S.K.: 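Have a look at this one before I ask anything.
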Amino acid sequence: MLKPLKDGLSFIVHPILVSINLPSDIKQWFSENTTDRAELIKQNRQLKSDALLLQVKLQKFASLEQENTRLHSLLESSFKLGEQFIAASLIRVNQNSNTQHILIDKGSRFNLYKSQAALNGDGIIGQIISVNPLTSSIMLITDPNHAIPVEVNRTGLRTIAAGSGAQNTLSLPYLPHNADIKEGDLLITSGLGGIFPQGYPVATISTLNALSGEAFMHAEARTVAKIESTRNILLVWSKQQPVPLLLPKRPATDNKTSTDNAH
Amino acid sequence: MRTKSSGTFTLYLSLVIAMGLSIIPWSNTVTSMMPNWALLALMYWSIALPHKVSVGTAWVLGLLVDSLSGSLLGQNALIFSLAAFFAHKLYLRLRNYRIWQQALFILFFLLLMQLTSLWISQLSGAGNSSYQYWYQPLSSAIAWPFIFLLLRLVRRRFNVQ
């Protein structure tokens with residue numbers, strides 16, 4: 001009901017947001033435009049070698065993806081790989097121990113929707129909680145009001161990781177004492193709940209503390225994505241539509257994944 | 001520069017700058033110690049020129065701050081309106097206070113407002129606060145003399161009346 005009012009207000013305050021962000025934008029523009037030629041060449045070489053490495057990995061990924069989809073179809077279960085992404089950049093951070101929200105520079109103009117999953121290059125960082133026309137705000141997974149369904153990558157054990165309010169730290173409140181888990185285990189999204197797509201890295205177990213007398217273990221995990229230093233954010237469309245069980249002759253996986261690059 | 005409309009423009013510009021100041025990204029500890037710039041600027045103008053800054057102006061300003069800071073819509077609007085209301089009630093007395101007495105008033109008033117804000121956020125289910133939450137009234141009281149002198153300079157320089 002208040003949506004039009006909120007949208008209108010966000011339009012009015014948008015110039016303030018942009019002008020506050022201006023110095024860092026100018027600094028970035030300046031540093032991009034005054035970089036030394038030698039430095040650029042060095043960066044270019046580095047990026048080319050990185051791209052080569054990633055391409056080699058991707059070659060293998062394409063075949064693995066096909067194999068995985070085929071195996072899943074043999075098991076008559078459906079599984080989705082390859083989602084659509086859009087890139088956005090950070091405008092403003094609103095963090096204290098109660099709320100950990102960030103504001104990004106894309107909104108309903110780009111068809112973002114509420115409870116869309118947000119990630120960066122390393123892993124999941126949060127989900128969208130409100131969408132304005134020009135901006136949208138993201139609740140981080142470390143927010144104390146946030147919980148994310150995860151599974152342990154090594155064993156497939158499913159549990160829930162709640163935000164702790166501390167930076168880059170999640171707590172796992174529902175681990176029984178006999179759970180097969182150890183420090184350094186990677187937690188990935190389990191895809192349950194339907195908000196986060198399955199299989200993205202979330203956190204690694206950092207401390208495990210079995211207190212006798214308590215019903216559950218005291219476990220903490222460090223997020224994989226370095227949330228406090230991230231500026232570029234990807235938003236993923238995870239429409240949970242399954243792949244068809246019978247594969248077509250040539251699955252068109254390439255044009256499923258498209259990226260829109262901002263900045 | 002000496003027309004009436006330019007004075008109004010300066011007033012609103014200072015309010016907009018104050019809103020901008022309060023959303024500059026800092027680290028967590030610095031953010032919790034930042035004074036409430038927009039509320040301080042509003043209080044200065046409603047004490048100095050009560051006929052120009054009404055409770056309605058404060059309400060609209062509060063709504064904009066809500067939209068900027070992503071808090072519950074109306075939370076800051078209520079607090080800003082209350083601040084303007086009390087400033088209108090007490091401006092004759094407040095003008096006679098010395099600056100440090102005004103700062104003391106700001107301290108207690110903002111503590112009360114912070115408490116109101118806490119109640120509102122507890123009603124909406126986002127309660128538990130840390131002690132850092134209470135730094136803001138203190139830092140605002142410390143910042144008040146500077147804001148007061150700066151905005152008085154602005155008011156005299158640009159002939160806002």
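Here the structure is a predicted model, which is why all the values come from computation and not from measurement. Side chains are part of it too, since the values below use all heavy atoms of this structure and drop only hydrogens, waters and symmetry mates. A note on names: the letters A, B, ... follow the listed sequences, proteins ahead of strands, and every chain is numbered from 1.
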S.K.: Which atoms of A:S10 are under 4.5 Å from chain B, going by heavy atoms: the side chain, the backbone, both sets, or neither?
M.R.: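 Both parts, heavy atoms under 4.5 Å.
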S.K.: Side chain, backbone, both or neither: which part of A:L9 has an atom under 4.5 Å from a heavy atom of chain B?
M.R.: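 Interface part for A:L9: both.
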S.K.: I need the residue from A:V13, A:T135, A:I91, A:N21 with the largest number of non-hydrogen atom pairs under 4.5 Å to chain B.
M.R.: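 Highest number of heavy-atom pairs under 4.5 Å: A:V13.
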S.K.: Within the supplied structure, the quantity of interest is the number of heavy atoms (other residues, nucleotides, ligands) at a distance under 6.0 Å from B:F105 CZ; does it exceed 12?
M.R.: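 Correct, the count exceeds 12.
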S.K.: Just checking A:Y174: does its OH atom have more than 12 heavy atoms from other residues, nucleotides or ligands closer to it than 6.0 angstrom?
M.R.: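 It does not: A:Y174 OH has 12 such atoms or fewer within range.
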S.K.: Measuring heavy-atom distances to chain B, does A:I12 have an atom under 4.5 Å in its side chain, in its backbone, in both, or in neither?
M.R.: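 It is the side chain, since no backbone atom gets that close.
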S.K.: A:I20, A:L5, A:L103, A:I16: which one forms the most heavy-atom pairs within less than 4.5 Å of chain B?
M.R.: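 Most heavy-atom pairs within the cutoff with chain B belong to A:I20.
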S.K.: Decide if atom NZ of A:K3 counts as having more than 12 heavy atoms of other residues, nucleotides or ligands within a radius under 6.0 Å.
M.R.: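 More than 12 within 6.0 Å, yes.
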S.K.: More than 12 foreign heavy atoms under 6.0 Å from NZ of A:K6: is that the case here?
M.R.: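 At most 12 heavy atoms, drawn from other residues, nucleotides or ligands, come within 6.0 Å of this atom.
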S.K.: Let me know if A:I129 has heavy atoms under 4.5 Å from chain B in its side chain, its backbone, both or neither.
M.R.: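 For A:I129, there is no contact with chain B at all, as no heavy atom is under 4.5 Å.
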S.K.: Check whether more than 12 heavy atoms from other residues, nucleotides or ligands sit under 6.0 Å from atom CZ of B:R95, and answer yes or no.
M.R.: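 Correct, the count exceeds 12.
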S.K.: Tell me, yes or no, whether the heavy-atom count around B:Y135 atom OH, taken from other residues, nucleotides or ligands under 6.0 Å, exceeds 12.
M.R.: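 Yes, the 6.0 Å shell around OH holds more than 12 heavy atoms from other groups.
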S.K.: Which members of residues 56-69 of chain B, sorted by number, sit under 4.5 angstrom from chain A on a heavy-atom basis?
M.R.: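 Residues of residues 56-69 of chain B touching chain A at under 4.5 Å: B:L63, B:L64, B:S67, B:L68, B:S69.
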